[in-house]
Every structure is written in structure tokens, then in C-alpha cells.
S.K.: 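Encoded as C-alpha cells, here's the structure I'll be asking about.
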Protein chains: 2
Amino acid sequence: MEQDRSNDLGEIIRQGRVTQRLTLSEVSAMSGVSSSHLGRIERGERFPSGSILRRIAAPLGFEENELFTLAGYLSPEPPGIAESHPHYGGGELDPYVARMLAQEPVDVQRAVIGILSILKSIAKSVAKESR
Amino acid sequence: MEQDRSNDLGEIIRQGRVTQRLTLSEVSAMSGVSSSHLGRIERGERFPSGSILRRIAAPLGFEENELFTLAGYLSPEPPGIAESHPHYGGGELDPYVARMLAQEPVDVQRAVIGILSILKSIAKSVAKESR
DNA sequence: ATTGACATTTGCCATTTGGCGAATTATAAT
DNA sequence: ATTATAATTCGCCAAATGGCAAATGTCAAT
């Protein structure tokens, strides 16, 4: 199953490395990705997964988004559309609820959503059993 | 070698799909990713590569960046220069969370906050006991 | 030329990804 | 209840990923 990688990612990554004056082993040390793998990526024999790409972005002097875009994982963004009043999903978000939740760290916020979806699925199966 | 995926990506993706009212096969048709693979991703048995993630973002109603961030491939952006997120109370309300919650009727939203505060007080007393 | 110290490439292989088709399960419709 | 039909999960497998260790290449200093 071949991937259509419009850009030559390997060359881009090698460029990043040489402009940072780093060796494969150094990048390896900084990123925790084996230098053999890095080498193969640079010469286009391997296509890094997202997590690898992420780990090497900073050492190579790329913004994460930038590198993902160059890799063809992200499509280039038309910069700043200034979406002013986001109308979330299907309905309105109650301002009180929004204010309360915003006090919490984002991972707590997400956990809340996780709990909500669990409760919903429990409710669903309970409803079915008692029928 | 199992990966440490901080967020439960599968659940997030399933949420996206159900809020878009799509079946696995529909998402499959729209994205070109096999429905069996999609199913396994949703229940956390597979971790999608970047290219898969990219193909399913739009059908599931995610911004590409957003989904990559949720997947842990991209680290959450320090709020861009002119980001126009409404700033509730003390902190930021995660857009994904906001969208998910906005799907629910307001009383459910409020109930969620109630549950959260109960959990917090439980956590607090547990912490005190074990000291 | 030879040695030593790094850097890069290769061979090998365990693990993971992702597709296809069959089996199973859920959902309607009669 | 019984089908019909759609949706999801499972079994299997080819291909790809990524690490380790050994091989090879490069270059400066003897």
C-alpha cells in the first residue's frame, strides 16, 4: 500500500538536520529515535509515523505543524480566518457551564466528557434491559 | 511495544462519529479507510498513522490540527497570536470539550457540572484520609 | 599507511498497521 | 417470532515501521 507523499520528506528532514549542524546520532540522542531509522527516513526508505515525526521536529528546528504539513499529514492552512463567535456543534453551550468547566485543566475537561459518554452508554443499555 | 497515548483517542473518534451521525461504513466510504480498521481504532486496538488520521478528520467534523493534537501527535498550541477563543472565567475551555457538551441539553450540561463538583469533593476527602 | 573515533548504512527481525472477507450482532419490518 | 438488512467485530495476512547490532564509510592525527 503505497503512500502519496507529494513532498520529498526525507530531503526536507536532512536539510533540517544539516542546517542545525547535527549528526544522525545527535538527533537520535535528542529525539530518542534510532539513528538507523533516521537515516532511512532521510533517504526516503521509511516514512515516519506521527509520533516519530513529532519527536524529531524540535531538534531539527521545525515547528511541529510545519513539519507535519511538509510531510503531507496536514494540509496547509489558509492563515487566520478570525472565526469570531464559535457556534459549537449542534446547540448552545450554557455560559455558566462554560465558565465552571474553564476553571479546570483541559485534561479534566476531557475526562468529564469521557465520563459523560460512559454514563450515556450505561443509560442506553439500562433502558434496553428494562424493556 | 505499546504506546503511551495520553488521551483516549478511540473514544474521541467515536464521539466525533456519533455526533456526526455516521456509521463506520459511511466514514469508511467518505475517507477510504476500511470500516474494520476504523472500528478497531475506535475501541483502541489500533493507533492510526498520520495519513489515516488525516483522512478521517473532516468526515468526523474535526479540524486536522485539532485531531492531531487530540491524538497526541501535535502538542497543544500556545494560543496563537490572535486567537479568538472566548475566555471564560479562570482559564481556557477546550474547543473539543465545548463542542461535545454543546450537543447536550442545558440541564444535562448542568448535571455534568454537578457531578464534577461531587467528584472533586470526594477526591479531596480521599486525599485527606490517606495522609 | 595505520589507527582510532565517529558517522552512516545494512541486515535482520519483532511488532504494528491496515485491508479483505467471513462471522457475528444489532436493528427494523413484517 | 421470523426474517431481512445493515452495522460491527474477528481472523487472517501482506506490508510497513522501527530498533539493535554488525558492517561500512569518513576523516584527522599519528
Side-chain angles (χ1 to χ4, degrees), chain A residues 1-57 59-60 67-68 71-73 117 120-131, chain B residues 1-6 8-57 59-60 67-68 71-73:
Chain A
M1 173 234 321
E2 79 286 5
Q3 299 279 108
D4 181 29
R5 228 65 75 137
S6 40
N7 298 320
D8 183 294
L9 180 60
E11 201 46 49
I12 289 170
I13 288 183
R14 172 161 280 149
Q15 283 303 325
R17 181 169 66 85
V18 305
T19 56
Q20 301 286 5
R21 300 241 151 71
L22 294 172
T23 74
L24 287 179
S25 337
E26 286 169 322
V27 176
S28 172
M30 299 167 75
S31 63
V33 177
S34 73
S35 43
S36 63
H37 194 43
L38 290 172
R40 284 194 257 241
I41 289 170
E42 287 192 356
R43 77 193 98 99
E45 295 172 29
R46 290 284 194 284
F47 297 97
S49 73
S51 51
I52 296 284
L53 213 50
R54 185 191 183 185
R55 307 228 290 279
I56 64 179
L60 265 37
L67 191 50
F68 274 81
Y73 285 141
S117 81
K120 285 173 73 176
S121 79
I122 290 175
K124 197 174 158 190
S125 61
V126 165
K128 188 195 303 178
E129 275 171 19
S130 70
R131 157 157 51 77
Chain B
M1 174 233 302
E2 77 223 34
Q3 293 283 102
D4 179 32
R5 227 62 78 137
S6 43
D8 183 0
L9 179 61
E11 197 49 48
I12 289 170
I13 287 183
R14 173 161 280 149
Q15 283 299 326
R17 182 169 65 85
V18 305
T19 54
Q20 301 287 73
R21 301 239 151 71
L22 293 172
T23 73
L24 286 178
S25 339
E26 286 169 321
V27 177
S28 172
M30 298 166 75
S31 63
V33 177
S34 74
S35 45
S36 62
H37 194 45
L38 290 172
R40 286 194 255 240
I41 290 170
E42 286 192 357
R43 75 193 102 99
E45 296 173 25
R46 289 285 194 286
F47 299 97
S49 72
S51 52
I52 296 284
L53 213 50
R54 185 192 184 183
R55 306 228 290 277
I56 64 178
L60 265 37
L67 191 50
F68 274 80
Y73 285 142

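Values below: every heavy atom of this structure, side chains too, minus hydrogens, waters and symmetry copies. Lettering of chains follows the sequences in order, A, B, ..., and the numbering in each one begins at 1. This is a predicted model, so every value here is computed, not measured.
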S.K.: Under the salt bridge (charged side-chain N to carboxylate O under 4.0 Å, His left out) test, which residues partner R54(B), sequence neighbours left out?
M.R.: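 R54(B) satisfies salt bridge (charged side-chain N to carboxylate O under 4.0 Å, His left out) with E64(B) only.
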S.K.: Check whether any side-chain N or O of S49(A) sits under 4.0 Å from OP1 or OP2 of dT16(C), and answer yes or no.
M.R.: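 False: S49(A) side-chain N/O out of range (4.0 Å or more) of dT16(C) OP1/OP2.
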S.K.: E45(B) CD to dG18(C) C1': how many Å, rounded?
M.R.: 13 Å
S.K.: Report the distance from atom CZ of R54(A) to atom P of dG18(D), rounded to the nearest whole Å.
M.R.: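 Going from R54(A) (CZ) to dG18(D) (P), I get 15 Å.
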S.K.: Taking CD from E42(B) and C1' from dT9(D), how many angstroms apart are they, rounded to a whole number?
M.R.: 12 Å
S.K.: Does the dG19(D) base have a donor-acceptor partner in the side chain of R46(A) within less than 3.5 Å?
M.R.: no
S.K.: Where do N or O atoms of nucleotides 22-28 of chain D meet protein N or O atoms at under 3.5 Å, pair by pair?
M.R.:
none

S.K.: May I ask you to test the R46(B)-I52(B) pair for a side-chain heavy-atom distance under 4.5 Å?
M.R.: no
S.K.: Which atom names give the shortest non-hydrogen contact between L22(A) and P59(A), and what distance separates them?
M.R.: CD1-O, 3.4 Å
S.K.: Testing the basics here: between S31(A) and L38(A), what is the closest heavy-atom pair and its distance to 0.1 Å?
M.R.: OG-CD1, 4.4 Å
S.K.: Donor-acceptor pair, R40(A) side chain versus E45(A) backbone, under 3.5 Å?
M.R.: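 No, R40(A) side chain to E45(A) backbone: no donor-acceptor pair under 3.5 Å.
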S.K.: Side chains of I56(B) and L67(B): does their closest heavy-atom pair fall under 4.5 Å?
M.R.: yes
S.K.: So which protein nitrogen or oxygen atoms get under 3.5 Å of nucleotides 4-8 of chain D's nitrogens or oxygens?
M.R.:
unit_1: dT8(D); atom_1: OP1; unit_2: R17(B); atom_2: NH1; d: 3.1
unit_1: dT8(D); atom_1: OP2; unit_2: L24(B); atom_2: N; d: 2.6

S.K.: Kindly indicate whether the side chain of L24(B), heavy atoms from C-beta on, has any atom under 4.5 Å from the side chain of E42(B).
M.R.: yes
S.K.: Roughly how many Å is it from CZ in F47(B) to C1' in dG18(C), rounded to a whole number?
M.R.: 14 Å
S.K.: Please state how far atom CZ in R55(B) lies from atom C1' in dT17(C), giving the value in whole angstrom units.
M.R.: 12 Å
S.K.: Identify the two heavy atoms, one from P48(A) and one from L53(A), that lie closest to each other, and give their separation to 0.1 Å.
M.R.: CG-CD1, 3.7 Å
S.K.: To the nearest Å, give me how far apart OH (Y73(B)) and P (dT17(C)) are.
M.R.: 8 Å
S.K.: Report the distance from atom CG of L38(A) to atom P of dG19(D), rounded to the nearest whole Å.
M.R.: 8 Å
S.K.: Rounded to whole angstroms, how far apart are CZ on R40(A) and C1' on dT8(C)?
M.R.: 11 Å
S.K.: Mind checking if I41(B) touches a base, just sugar-phosphate, or nothing, with heavy atoms under 4.0 Å?
M.R.: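 Since no nucleic acid heavy atom lies under 4.0 Å of I41(B), the category is nothing.
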S.K.: Just say parallel, tilted or perpendicular for the rings of Y73(A) and F68(A), cut-offs at 30° and 60°.
M.R.: tilted
